[in-house]
> 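Just passing along the structure, written as structure tokens.
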Amino acid sequence: MSLLAQAAQLLMDNLGGEGSGLNLESVTSGLSGLLPTDEAGELDLGGIVSMFSEQGLGSLVSSFLGNGENGALDVGSVLGMLGEGKVAEFAGGLGLSTDTVASGLSDTLPQLIDQQSEGGSLLESAGKSIVSGLASKFFS
């Protein structure tokens, strides 16, 4: 399963009952337009980490990358980082409210980054090597 599909499945799981009527393909397609992707159309975790850093959330994303407890990502930060209009468009395409999707993303993004990192470094994922130690470049 691609990293993008893993993110979509994780989001659907985090949406609980709200996500029960969704299909993986539509969520995956929508996420590819919402989150950074590479030339091959695969999710770009380094790009996501950069988005956190650009929004002044470097210490928060460091908690996702580390081996300890993940810090809480609030809905307002998700909307600010991804753009409220883009989240609303994605949510509308799924037939859900912007708040519902933003809340799901506030749970999904930390989990996704945490699952793909070890000791502060992003791991290889989806057949593509992510630059090891990317986070330390942003937060050293």
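Remember, predicted model here, so these are calculated numbers, not experimental data.
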> Rounded to the nearest 0.5 Å, how far apart are CG of D114 and CZ of F64?
9.0 Å
> So, do V61 and I48 sit near enough that their side-chain heavy atoms are less than 4.5 Å apart?
no
> Just so I know, are the side chains of L11 and L22 near enough to count as touching, which here means a heavy-atom distance under 4.5 Å?
no
> Please find the pair of heavy atoms, one from V101 and one from A91, that lie closest to each other, and give the distance.
CG2-CB, 3.5 Å
> Could you pull out the closest heavy-atom pair between Q9 and L24, with the gap in Å?
N-CD1, 3.7 Å
> Would you compute the distance between atom CD1 of I113 and atom CZ of F52 and round it to the nearest 0.5 angstrom?
4.5 Å
> Is L31 close to V27 at the side-chain level, that is, under 4.5 Å between some pair of heavy atoms?
yes
> Quick one: pull up CG in L45 and OG1 in T37 and give me the separation to the nearest 0.5 Å.
12.0 Å
> What distance do M81 atom CE and S50 atom OG have between them, rounded to the nearest 0.5 Å?
11.0 Å
> Are the side chains of L57 and M51 in contact, using a 4.5 Å heavy-atom criterion?
no
> Under the side-chain contact (heavy atoms from CB on, under 4.5 Å) test against L15, which residue among T108, D107, L96, L10 passes?
L96
> Would you find a donor on one side and an acceptor on the other, under 3.5 Å apart, between the side chain of S103 and the backbone of T100?
no
> Provide the closest heavy-atom pair for S106 versus L73 in the form atom of the first, atom of the second, distance.
CB-O, 3.2 Å
> Which atoms form the tightest heavy-atom contact between T28 and A8, and what is the distance?
OG1-CB, 3.3 Å
> What I'd like to find out is whether the side chain of S77 reaches to under 4.5 Å of the side chain of Q55, using heavy atoms alone.
no
> Quick check: closest heavy atoms across L43 and A7, and the distance to 0.1 Å?
CD2-CB, 4.0 Å
> How long is the gap from CG on L3 to CG on L35, to the nearest 0.5 Å?
10.0 Å
> Heavy atoms only: give me the nearest L4-E42 pair and the separation to one decimal.
N-OE2, 2.8 Å
